[in-house]
Amino acid sequence: VHRCNYDLYDNYKETADWLQAHTEQRPKVAIICGSGLGGLAELLEDKNIFPYKDIPHFPQSTVQGHKGQLVFGTLQGQQCVCMQGRFHSYEGYDLFKVTYPIRVFFLMDVDTLIVTNAAGGLNRSFSVGDIMLIKDHINLPGMIGQNPLCGHNDDRFGERFPCMSDAYDRDLIALAKQTAEEQGCGAFLQQGVYCMLSGPNFETIAECKALQKLGADAVGMSTAPEVVVARHCGLRVLGISLITNKVVMDYDSEQKANHQEVLETTHMRTKDLQRLVSHVVAKI
Ligand code: 6GU
């Protein structure tokens, strides 16, 4: 059975050409701002802002409270483009829509993607507020068919069977680690494996235990599809999770995962994360 689950090359190209006609900036770095981390885009200087609804073929944001816009500008003197608001599959977007911006970045000659997200901590040695450099991921939906690369493969983006064993760039991880230490984030820096679930519900206790056994250190509802599409077209990727809460692993616990706690932690760490990402961008 053939499903139409992809966009046409010409659409991505039209979007990229439209953006290049509307800004003189030619960033090499794209940044996806995760939940509660959109403040990063506000730090940019010499901003050119494009609401998603104005960009041809771009997916539209539906969620209230999420700013949906692409922000071009400079961070520490380095040009970059930020997605202020991303698309999640739990909102009902098909994965080719969730990942649409990545191929647009590729066609605009971006070569590095920095993805950030809020995640629940599975690793018992992690604390709320830790910053985890993502060293690998488990794309749980992707392993069972919810993969943005399913369907027609356009060789202009990448090969049919792309490698993922080098998904998270080791040099960028080393750069981020060094930068984190220089920026006073060393005391709460971790590295680990991010596991994606589709959401929108938080995990059951049994699910958390299962994910821990699978080798995941953190769990969230984003990132893996964007990274898979970025690696398919050869972008280098740095992934950063903010551990916003510890997952509930105990039937006697009174703790309950909730979005409020997620937002409170992002608020508390947003300045640290902004400093870290800006100084990494400056050194790329
Ligand atoms: Cl506990 N789970 C998931 N799936 N996503 C999260 C989270 C937990 N905390 C922040 N994002």
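For ligands, and for the atoms within them, numbers begin at 1 and follow the listed sequence.
Residues satisfying the side chain to side chain contact (heavy atoms under 4.5 Å, CB included) criterion with E159, sequence neighbours excluded, are P162. Scanning for side chain to side chain contact (heavy atoms under 4.5 Å, CB included) contacts around D136 gives V193, with sequence neighbours left out. Remark: Q191 pairs with L133, K135, I173, K177 by the side chain to side chain contact (heavy atoms under 4.5 Å, CB included) rule, at least two apart or across chains.
For Y9 and F157, the ring centers sit closer than 6.0 Å to each other.
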Exercise for review: Check the pair F106, Y12 against ring-ring contact (aromatic ring centres under 6.0 Å, His included), reporting the backbone distance first and the verdict last.
Suggested key: CA-CA 10 Å; F106 165 69; Y12 296 104; 9.7 Å; no
Under 3.5 Å: N or O atoms of ligand 1 paired with protein N or O:
residue, atom, partner, partner atom, Å
ligand 1, 2 (N), E203, OE1, 2.9
ligand 1, 2 (N), E203, OE2, 3.1
ligand 1, 4 (N), E203, OE2, 2.4
ligand 1, 9 (N), G120, N, 3.2
ligand 1, 9 (N), N245, OD1, 2.8
ligand 1, 11 (N), A118, O, 3.3

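If you take CE on M83 and CZ on F105, they are separated by 5.5 Å, rounding to the nearest 0.5 Å.
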